[in-house]
Participant: 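For reference, the structure I am asking about is given below.
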Amino acid sequence: MSGTVRIMYMGTPDFAVPALEALAEPAANGSVSRELVSVVTQPDRPRGRGHRLAPSPVKARAMEMGLPVAQPESLRGNAEWEETLANAAPDLIVVCAYGRILPIETLRYPRLGCVNIHASLLPRYRGAAPIHRAVESGDSETGVTLMYMSEGLDEGDMIASRSMPIAGIDTGGLHEALSKLGAELLMDEFDAIISGTAGREPQDSSAATYAPPVKKDEGHIDFSADAAAVCRKVRAMTPSPGAYAYLGDEKIRIWKAEAEPAEQSGLREDYSNNGRFSEGSDRAAAKEPDCAAAKKPDCAGPPAPGKIIGTDGGTIAVAAGQGETVTITMLQSPGGKPMPASDWLRGHIIGKDTAFR
RNA sequence: CGCAGGGUAGAGCAGUUGGUAGCUCGUCGGGCUCAUAACCCGGAGGCCAGGGGUUCAAGUCCCCUCCCUGCAA
């Protein structure tokens with residue numbers, strides 16, 4: 001039936017799965033019928049422990065749903081790809097985190113164009129790591145944008161966007177939420193895209209910002225930053241690439257940390273003996289050892305950033321910059337699994353001068 | 001066949017050169033105290049991941065399997 005729209009979906013990681021599932025659903029009553037004629041994803045690559053060849057999440061899901069999958073090595077000047085495209089003869093290509101730049105020939109192929117789901121409120125955070133950067137920057141909200149693709153990096157005209165508050169959610173949580181939000185947005189705009197009545201607003205390039213890929217070492221927490229910044233960093237880097245700091249020569253992953261209100265940091269009078277310091281279990285002593293050691297009459301100097309200043313109540317209080325305190329509530333030793341700080345503390349004796357670096 | 005660290009009591013860990021399983025927390029009972037997430041005393045709770053082997057004797061040594069984790073991709 002000529003009334004059926006042929007769709008090609010291109011995506012690779014988990015983030016692209018919800019949209020795939022949504023497209024695979026039969027169209028709702030009253031909508032134009034559609035057929036997902038081809039799912040394109042990155043070739044299986046050796047991944048994970050053991051370097052076993054593994055399919056991408058999108059491929060795995062597509063196979064489960066019995067959809068035809070194509071995994072071209074390259075899209076540029078590749079006869080195999082041209083053939084795939086010609087056979088699928090898509091009217092529309094939907095792209096979501098495919099992982100490769102689409103050549104102009106491909107962008108021009110479908111009569112209804114190519115649309116892309118991007119995990120930010122464009123024109124902010126064009127590029128590879130929009131979610132990480134939004135969290136790291138302390139933005140109060142982020143979202144997803146559906147747009148027509150152009151040759152530039154995430155520069156296409158916007159169809160619509162949807163926002164959500166970031167609140168205390170980490171990158172992992174937002175990743176999941178935004179992937180679903182993106183799928184919803186796609187479906188809501190779907191009929192309009194088919195009928196050619198979808199919105200088409202050019203991006204204000206002067207307001208554009210870029211979200212460069214996150215490098216591994218960006219996860220190394222610098223405790224000399226203020227407490228709020230440390231916590232943002234932890235949330236931004238969780239679960240990937242992971243926030244960490246060194247305790248001795250052990251690389252400790254930090255999964256959750258909270259900024260302790262400044263006004264509270266100064267007056268924690270409850271020196272519970274719960275915190276098991278190896279000697280002189282008095283937390284007060286642990287709090288100002290520098291002064292004592294330096295024989296300074298004035299003990300107003302805050303503990304050095306990174307120093308563990310207390311382990312009350314099953315959490316780990318660490319000195320941050322500006323005399324502030326960050327409380328670690330979930331962490332992971334190398335080779336171990338992530339665990340609440342209370343559990344972690346059972347197996348680790350913290351000395352008075354123990355500090356993260 | 002990428003590299004590496006693990007799987008021991010409900011939780012987190014220790015267990016030295018092989019010799020009958022310990023610690024902290026929790027839990028149960030009792031005590032102390034004006035009081036306590038405090039302290040004291042006592043108890044319960046483990047086929048030491050699974051399978052094979054070496055040995056008088058294996059958590060501990062050797063081989064295999066399963067599972068977990070970090071790194072690297």
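Within every chain, numbering begins at 1; the chains are lettered A, B, ... in the order of the sequence lines, protein sequences first and strands thereafter.
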Participant: Of A:Lys216 and A:Gly336, whose closest RNA chain B nucleotide lies nearer the 5' terminus?
Facilitator: A:Gly336

Participant: Could you go through residues 163-172 of chain A and list every donor-acceptor pair under 3.5 Å that involves a side-chain atom there, pairing it with any protein atom two or more places apart or in another chain?
Facilitator:
from     : atom 1 : to       : atom 2 : distance (Å)
A:Asp170 : OD1    : A:Gly172 : N      : 3.0
A:Asp170 : OD1    : A:Gly173 : N      : 2.8
A:Thr171 : OG1    : A:Arg235 : O      : 3.3
A:Thr171 : OG1    : A:Ala236 : O      : 2.5

Participant: Expressed as a whole number of Å, how far does the C1' atom of B:A58 sit from that of B:C23?
Facilitator: 22 Å

Participant: Does A:Glu151 reach the side chain of A:Ile104, with side-chain heavy atoms less than 4.5 Å apart?
Facilitator: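 They are in side-chain contact.
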
Participant: Using purine N1 to pyrimidine N3 plus N6-O4 or O6-N4 for Watson-Crick, or N1-O2 and O6-N3 for G-U wobble, both under 3.5 Å, which nucleotide pairs with B:G42?
Facilitator: B:C28

Participant: Counting distance only, does the side-chain N/O of A:His118 pair as donor-acceptor with the main-chain N or O of A:Tyr125 below 3.5 Å?
Facilitator: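 Side chain of A:His118 to backbone of A:Tyr125: a pair is present.
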
Participant: Taking only heavy atoms on the protein side, list every residue of residues 47-62 of chain A lying under 4.0 Å from any atom of RNA chain B, sorted numerically.
Facilitator: A:Arg47, A:Gly48, A:Arg49, A:Gly50, A:His51

Participant: If the threshold is 4.0 Å, N to carboxylate O, is there a salt bridge linking A:Asp139 and A:Arg124?
Facilitator: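 Salt bridge: yes.
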
Participant: Using atom P in both nucleotides, what's the gap between B:U55 and B:U60 to the nearest angstrom?
Facilitator: 16 Å

Participant: What integer distance in Å separates A:Tyr244:OH from B:A72:P?
Facilitator: 9 Å

Participant: If I pick the P atom on B:G5 and the same atom on B:C61, what distance separates them, to the nearest angstrom?
Facilitator: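 So the two P atoms sit 13 Å from each other.
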
Participant: Could you give the distance separating B:G50 and B:A9 at their P atoms, to the nearest angstrom?
Facilitator: 11 Å

Participant: What's the gap between B:A57 and B:G30 when it is taken at their P atoms, as a whole Å value?
Facilitator: 46 Å

Participant: Rounded to the nearest Å, what distance is computed from the CD1 atom of residue A:Ile252 to the C1' atom of nucleotide B:U69?
Facilitator: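 Between C1' of B:U69 and CD1 of A:Ile252: 13 Å.
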
Participant: Does A:Gln42 offer a backbone N or O that forms a donor-acceptor pair with the side chain of A:Gln71 under 3.5 Å?
Facilitator: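 Yes, A:Gln71 side chain to A:Gln42 backbone: donor-acceptor pair under 3.5 Å.
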
Participant: Taking pairing as Watson-Crick or G-U wobble with both contacts under 3.5 Å, can you name the mate of B:G2, or confirm there isn't one?
Facilitator: B:C71

Participant: With respect to A:Asp91, which candidate in A:Arg111, A:Arg34, A:Arg6 satisfies the salt bridge (charged side-chain N to carboxylate O under 4.0 Å, His left out) definition?
Facilitator: A:Arg111

Participant: What integer distance in Å separates A:Arg346:CZ from B:C25:P?
Facilitator: 10 Å

Participant: Taking O4'-C1'-N9-C4 for purines and O4'-C1'-N1-C2 for pyrimidines, is B:C47 syn (within 90° of 0) or anti?
Facilitator: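 What B:C47 shows is a syn base, its glycosidic angle lying within 90° of 0.
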
Participant: Within this structure, what is the CD-to-P distance between A:Glu250 and B:C71, rounded to whole angstrom?
Facilitator: 14 Å

Participant: Quantified in whole Å, what is the P atom distance between nucleotide B:U8 and nucleotide B:U54?
Facilitator: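 B:U8 and B:U54 have their P atoms separated by 27 Å.
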
Participant: Can you measure A:Trp344 atom CH2 to B:C25 atom C1' for me and round it to whole angstrom units?
Facilitator: 15 Å

Participant: For B:A57, give its Watson-Crick or G-U wobble partner with both distances under 3.5 Å, or none.
Facilitator: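 Looking at the geometry, B:A57 pairs with no nucleotide.
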
Participant: For A:Arg47, what residues pass the side chain to side chain donor-acceptor pair (under 3.5 Å) criterion, not counting sequence neighbours?
Facilitator: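 With neighbours one apart ignored, the set is empty.
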
Participant: So does A:Arg133 get a backbone contact from the side chain of A:Ser137, meaning a donor-acceptor N/O pair under 3.5 Å?
Facilitator: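 Side chain of A:Ser137 to backbone of A:Arg133: a pair is present.
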
Participant: Can you tell me the distance, in whole Å, between the NZ atom of A:Lys251 and the C1' atom of B:G5?
Facilitator: 14 Å

Participant: Quote, to the nearest angstrom, the C1' distance that separates B:G59 from B:G6.
Facilitator: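 Those two atoms are separated by 14 Å.
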
Participant: Which whole number of Å gives the distance between the C1' atom of B:U17 and that of B:U24?
Facilitator: 28 Å

Participant: Taking CZ from A:Arg253 and P from B:C68, how many angstroms apart are they, rounded to a whole number?
Facilitator: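 Answer to the nearest Å: 17 Å.
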
Participant: Counting only side-chain nitrogens and oxygens, does A:Gln332 get under 4.0 Å of the OP1 or OP2 atom of B:U69?
Facilitator: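 A:Gln332 to B:U69 OP1/OP2: no side-chain N or O under 4.0 Å.
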
Participant: Could you state the atom-to-atom distance from NE2 of A:His348 to C1' of B:G12 in whole Å?
Facilitator: 7 Å

